[in-house]
Amino acid sequence: MSTQRKQYPFTEFEPRWQQHWLEAGAFRAANPGDADFDASKPKYYILDMFPYPSGDGLHVGHVEGYTATDILARFHRMQGFNVLHPMGWDAFGLPAEQYAIKTGQHPRVTTARNIDNFRRQLQAVGFSYDWDREVSTTDPAYFRWTQWIFLQLYNAWFNPATCKAEPISTYTGTEPDSVRLAYVAEMPVNWCPQLGTVLANEEVVDGKSEVGGFPVERRPLRQWMLRITAFAERLLDGLDGLDWPEGIKLLQRNWIGRSKGALVKFQIANAPCDVEVFTTRPDTLFGATYMILAPEHPLVATITTPEQIEAVEKYKASVASKSDLDRTELNKEKSGVFTGAFAINPVNGEKIPVWIADYVLMGYGTGAIMAVPAHDERDFEFATKFQLPIREVVRDNSANDTSSCFAGEGVAVNSGFLDGLQTAEAKQKITAWLEEKALGRGTVNYKLRDWLFSRQRYWGEPFPIVWEDGNHRALTQDELPVIQPDMEDFKPTGTPEPPLSKALEWLKYSDSAQRETNTMPQWAGSCWYYLRFCDATNSDRFIGKEADEYWMARNAKPGGVDLYVGGTEHAVLHLLYARFWHKVLHDLGHVATPEPFQRLVNQGMILGPDGQKMSKSRGNVITPDSVISEYGADSLRLYEMFMGPLEQMKPWSMKGVEGVYRFLARVWRLAMQENQEGEWILSSDLAEIPLNSQQLRIAHATIKKVTSDIRLLAFNTAISQMMVLTNEFVNAKPRPLEALRILLPLLSPFAPHLAEELWSRLGFAGLASKQPWPVHDESLLVENEVELAVQVNGKVRERLVISKVATKEEIEIAALASAKIQEATAGQTIVKVVVVPGKLVNIVAK
RNA sequence: GCCGGCGUGGCGAAAUGGCAGACGCAAGGGACUUAAAAUCCCUUAUUCCGAAAGGAGUGUGCGGGUUCGAGUCCCGCCGCCGGCACCA
């Protein structure tokens, strides 16, 4: 193939049109206030998840999502929308820093080089981004505002009375530092010695770092945290108004993990202290036969009896030495130790033993549970192993065996005043009882934890914070941006001290104050980039009011971005963090909408030709550059869309690329032919003649289907239909020019270079990408006669050509009159005749 | 273990409950050509009957059900992919 002559001269015209669009500013989106801004047009904000500009360059997986959004962007422009379709770079992050350490080059240099390469690649695919709005998270003019948003968080608190973020000045308590949305805490964190950094829980997979797969240990460390848990309920509620795949909403709901239950206070026998437990099944309180504390629970030391101290300490030590990996792997078998202490079950005064076990986590609820082995799998397993009593207190409504554990809902038994109540009622009654006796209360718990927001890295946004006399203090807005110092040596220190701690001069803010040396995680920059795109060069605000009102709020929906396309890997973290920041900014009056992204679509992964995930080690990586040089950008775009449904996972096939390439060449030859010298000239078959009725019908059916399929993101079937149309005209001689006037605008979002080139060679006015979108004429689609199938007992026995407007009765008579049908039903009684006009007739005979 | 998603030709895939396999790939045959490539045309789910025209049957992971009619809806399984994983 590569040695062959190209079937059409894409190598010549594709770069030419790319340059033309760029120079003409063809896809520039005007902002409110600009001279050429037309406020009467509706807006459409279509956003890609911006890439991390890696050294490997653009991937065909990127191109899939980006092509889908590009088609939609171009389509909406042609439909008269003001389209915001921007691109930028999520360019802070660990790989750049590690590469820098390896090669000694400054990450600023390698990042700039990678960005240039990504931009070149994206432009070579012909994407219609408004490059005037390009942003990079590493640009001080950008991260100045990331730091500014951090200051908003620092200077705000969550007011439980209003359920909103408010300026810290409205807080009337005595300890503002204990309620800020950005706060400092000593946290057991995931320290990765090899990476020399602390990782977020989300960056640790199976006890190893997600990047690199290095072991991770738990260590207590002073960290910046963001109080995302305060927004748990709002983040949950907000999902209802969004057009996201239900699966993704569910993922977020599960991640937030709301559960309703009760806190119950247990007195410790012969000791002046009590332990609070959280339970979702307060109705099973009578069945609590023992209690378990997390090994790290602060009361363990207090309550353990002298005889048990040795065993307890030994157990605690063994748990502490386990990495997260060991702890999960050893989960199969329950372990634990008796503390020697007893707690008093408040509901019946029973003395129950208190154990410690690592299946109870300090980080959830109160770090202590009441164990109800009859109705909880884990407690059952534990009780069985350590021969603790099991008491049934809920009977299964569909009553069968009571030998094992029953965790469902039923009727309370052996439960005193709860007996006979259904689980829901029993929960209510016991909660009211506990509240009345001041022994507990109903409450809600979340799995969601606060967001660990600091990293021990060089290549990230520095915090706009200084330390003075052991206290933190925020810088003011006019001190932003805080830029990292230029360092020769940004290697990890080998301790949890961040690399910035080595920049002694930079560190010193004043004689008495030192800068914070942690940096922000990569999520920070991507939490708000969609806002910056609306007003990328504004130096007075992170986003101008007018720009926000138009691009984000004009459609009067909760989410501002009309369509957001990206991979599922960001289903939880990025999308949750961005929603959190957005809500804070909204509460503080900085943005108009309550949610960032109205509609979300996840593109499926593209696998290698071998059906495996693409990876360098497997050697099955397809690069966009290689496809473009062989078949051109239009073929790359078209194939990525023709492969199958956008959201589905699908394998690459070079043969498939050739297929769409042939199609594009066929379109080319609808308009062009080669002369004796082998030059492309306008086809002599072209003529200004009207379409015949079949051509008209197919052309208008194509307009209709392509239009609706683009709206449905069903690009593969839209392309099929354009193939049908093209096949129809391949042999038409003379060939109506009108066919190309219809086809080229339809094709233009998909294969913009080819459409543009032919449009211009045919001498049609303007740019193909600026044409109004064709509108179909429904009346041309109607056929006078239709063929319908006649079935006998569901099997097709005859085909009937009949007038489109025939009545049911006429169709039935015609069907029954058919010789084949009479033969097929001979000797049988016709029980029923079902007539579906335009489709079929089904005769039921016995 | 729990929660999602998906199972259709040799392959990628189509199909408001209404003729399964559009469109593309691959394969086979033909036209054009000195020849090849490219291009264009035809065939192509499968089994059986027939010399042929044509005809009969079976087919959407498996087993049931609802319906005149099920790839599509319902119930129960199996397989693959993704997420969560002691969250009390």
Side-chain angles (χ1 to χ4, degrees), chain A residues 1 3-5 7 206 245-251 253-255 257-259 261 277-281 284 292 294 327-328 330-332 334 357-361 363-372 375-379 381-382 407 445-449 568-569 571-572 602 604-605 607 611 613 638-639 642-645 647-660 662-663 665-666 669 674 714 716-724 726-727 730-731 787-799 831-845:
Chain A
M1 179 65 227
T3 54
Q4 264 164 27
R5 184 160 191 266
Q7 290 198 33
D206 289 336
E246 278 308 312
I248 301 293
K249 287 190 185 180
L250 196 64
L251 239 43
R253 287 194 184 103
N254 291 343
W255 190 264
R258 182 188 204 270
S259 51
V277 302
F278 173 73
T279 177
T280 56
R281 292 295 298 269
T284 62
I292 299 189
R327 209 160 148 168
T328 21
L330 294 176
N331 271 342
K332 303 268 183 297
K334 291 273 181 292
D358 67 357
Y359 84 87
V360 174
L361 309 172
Y364 181 79
T366 61
I369 63 158
M370 63 177 209
V372 186
H375 305 291
D376 182 281
E377 295 278 356
R378 297 149 301 183
D379 298 345
E381 207 183 306
F382 192 85
N445 239 305
Y446 303 92
K447 281 204 284 188
L448 185 70
R449 308 292 154 82
T568 344
E569 65 272 21
V572 178
N602 296 116
M605 207 194 315
L607 306 171
K613 198 172 163 174
L638 208 65
Y639 175 63
F642 188 62
M643 290 173 87
E647 300 186 67
Q648 197 170 300
M649 189 190 290
K650 47 220 175 258
W652 189 270
S653 154
M654 273 306 175
K655 290 290 183 187
V657 182
E658 278 185 45
V660 296
R662 278 202 280 268
F663 160 65
R666 229 164 20 244
R669 289 193 308 270
E674 274 181 293
N716 54 333
T717 48
I719 294 167
S720 306
Q721 184 62 39
M722 288 189 281
M723 288 173 168
V724 170
T726 302
N727 292 343
V730 160
N731 292 321
E787 185 183 82
L788 47 156
V790 184
Q791 301 179 328
V792 175
N793 293 331
K795 288 188 175 128
V796 181
R797 298 295 176 195
E798 170 70 309
R799 286 169 196 289
V831 182
K832 189 173 177 180
V833 179
V834 183
V835 180
V836 185
K839 295 281 182 185
L840 53 62
V841 180
N842 190 15
I843 296 161
V844 187

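Protein chains get the first letters and strands the later ones, always in sequence-line order, with residue 1 at the start of each.
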S.K.: Heavy atoms under 4.0 Å, any strand shown: does A:S259 hit a base, just sugar-phosphate, or nothing?
M.R.: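 Here A:S259 touches the backbone only, sparing every base.
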S.K.: Just the table, please: protein N/O against nucleotides 25-29 of chain B N/O, every pair under 3.5 Å.
M.R.:
{"residue": "B:rC25", "atom": "OP1", "partner": "A:R662", "partner atom": "NE", "Å": "3.1"}
{"residue": "B:rC25", "atom": "OP1", "partner": "A:R662", "partner atom": "NH2", "Å": "3.0"}
{"residue": "B:rA26", "atom": "OP2", "partner": "A:R662", "partner atom": "NH2", "Å": "3.2"}

S.K.: Mark yes or no for whether A:R253, through its side chain, and A:R258, through its backbone, hold a donor-acceptor pair below 3.5 Å.
M.R.: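 Answer holds: no.
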S.K.: Hey, which of these two, A:G365 or A:I843, hits RNA chain B nearer its 5' end, going by closest nucleotide?
M.R.: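 Nearer the 5' end of the strand: A:I843.
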S.K.: Contact class for A:K613 (heavy atom, under 4.0 Å): base, sugar-phosphate, or nothing?
M.R.: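 Here A:K613 touches no strand at all.
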S.K.: Would you mind classifying the nucleic acid contact of A:L250 as base, sugar-phosphate or nothing, using non-hydrogen atoms under 4.0 angstrom?
M.R.: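 Sugar-phosphate contact only - A:L250 comes under 4.0 Å of backbone atoms but never of a base.
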S.K.: The side chain of A:V834 lies closest to which of these nucleotides: B:rA13, B:rC23, B:rC68?
M.R.: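 Output: B:rC68.
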S.K.: Requiring both pairing distances under 3.5 angstrom, list the stems that contain RNA chain B and are made of three or more consecutive Watson-Crick or G-U pairs.
M.R.: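 Looking at RNA chain B, the stems formed by three or more consecutive pairs are B:1-7 with B:78-84, B:10-12 with B:23-25, B:27-31 with B:39-43, B:45-49 with B:54-58, B:61-65 with B:73-77.
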S.K.: Tell me whether the side-chain N/O atoms of A:R669 come closer than 4.0 Å to OP1 or OP2 in B:rC40.
M.R.: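 For B:rC40, OP1/OP2 do have a side-chain N/O of A:R669 under 4.0 Å.
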S.K.: Quick one: is A:Q721 getting a side-chain N or O under 4.0 Å of the B:rC23 phosphate, OP1 or OP2?
M.R.: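 For B:rC23, OP1/OP2 do not have a side-chain N/O of A:Q721 under 4.0 Å.
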S.K.: Choose from B:rC68, B:rC19, B:rA14 the nucleotide whose nearest atom is closest to any side-chain atom of A:K832.
M.R.: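 Nearest listed nucleotide: B:rC68.
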S.K.: Roughly, in whole Å, what's the span from CE in A:M643 to C1' in B:rG12?
M.R.: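 Interatomic distance, CE of A:M643 to C1' of B:rG12: 8 Å.
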S.K.: Identify whether the glycosidic angle of B:rG9 places it syn (within 90° of 0) or anti.
M.R.: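 Base orientation: syn.
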S.K.: Could you tell me whether A:V836 contacts a base, only the sugar-phosphate backbone, or nothing, with contacts defined as non-hydrogen atoms closer than 4.0 Å?
M.R.: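 Contact class for A:V836: base.
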S.K.: Can you tell me which nucleotide in B:rA38, B:rC68, B:rC84 comes closest to the side chain of A:Q7?
M.R.: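 Ranking B:rA38, B:rC68, B:rC84 by closest atom to the A:Q7 side chain puts B:rA38 first.
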S.K.: Check every strand shown and say whether A:N716 touches a base, only sugar-phosphate, or nothing at a heavy-atom separation below 4.0 Å.
M.R.: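 If one applies the 4.0 Å heavy-atom cut-off, A:N716 turns out to touch the sugar-phosphate alone, with no base involved.
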S.K.: Please figure out whether A:M723 or A:V796 has its closest RNA chain B nucleotide nearer the 5' end.
M.R.: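 Counting from the 5' end, the first nearest nucleotide belongs to A:V796.
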S.K.: Under 4.0 Å between any heavy atoms, over every strand shown, what does A:N727 touch: base, sugar-phosphate, or nothing? Just pick one.
M.R.: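 Here A:N727 touches the backbone only, sparing every base.
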S.K.: For the side chain of A:K650, counting heavy atoms from C-beta on, which of B:rA88, B:rA13, B:rG24 is nearest?
M.R.: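 Nearest to the side-chain atoms of A:K650, counting from C-beta on, is B:rA13.
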S.K.: Return yes if some donor-acceptor pair links the side-chain N/O of A:N254 with the main-chain N/O of A:G257 below 3.5 Å, else return no.
M.R.: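 Judged by distance alone, no pair lies under 3.5 Å.
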S.K.: Looking only at the side chain of A:V724 (C-beta and beyond, no hydrogens), which of the listed nucleotides B:rC23, B:rU58, B:rG69 gets closest?
M.R.: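 Looking only at side-chain atoms, A:V724 lies closest to B:rC23.
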S.K.: When you measure from the centre of the six-membered ring of A:Y364, is the NZ or CZ of A:K447 closer than 6.0 Å and no more than 45° off the axis?
M.R.: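 No, A:K447 and A:Y364 do not form such a contact.
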S.K.: Looking at every strand, decide which applies to A:N731 at a 4.0 Å heavy-atom threshold: base, sugar-phosphate, or nothing.
M.R.: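 A:N731: backbone/sugar contact only, no base atoms under 4.0 Å.
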S.K.: Taking only the P atom of each, what is the distance from B:rA26 to B:rU39 in whole angstrom?
M.R.: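 Going atom to atom, P in each nucleotide, I get 10 Å.
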S.K.: For a quick check of understanding: with a heavy-atom distance under 4.0 Å over all strands, which category does A:M649 fall into, base, sugar-phosphate or nothing?
M.R.: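 Contact class for A:M649: sugar-phosphate only.
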S.K.: Quote, to the nearest angstrom, the P distance that separates B:rG82 from B:rA88.
M.R.: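 B:rG82 and B:rA88 have their P atoms separated by 26 Å.
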S.K.: Just call it for A:R797: base, sugar-phosphate, or nothing, with non-hydrogen atoms closer than 4.0 Å on any strand.
M.R.: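 Answer is sugar-phosphate: A:R797 comes under 4.0 Å of backbone atoms only.
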S.K.: Looking only at atom P, what distance separates B:rA27 and B:rC32, rounded to whole Å?
M.R.: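 Here B:rA27 and B:rC32 have their P atoms 23 Å from each other.
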S.K.: Taking the same atom, C1', in B:rG71 and in B:rG7, what whole-Å distance lies between them?
M.R.: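 B:rG71 and B:rG7 have their C1' atoms separated by 11 Å.
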S.K.: Expressed in whole Å, how much space separates the C1' atoms belonging to B:rU72 and B:rU60?
M.R.: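 It comes out at 10 Å once rounded to the nearest Å.
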S.K.: With respect to the side chain of A:P645, which nucleotide from B:rG69, B:rA13, B:rC40 is positioned closest?
M.R.: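 Side chain of A:P645 sits closest to B:rA13.
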S.K.: Under 4.0 Å between a side-chain N/O of A:Q648 and OP1 or OP2 of B:rG12, yes or no?
M.R.: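 For B:rG12, neither OP1 nor OP2 has a side-chain N or O of A:Q648 closer than 4.0 Å.
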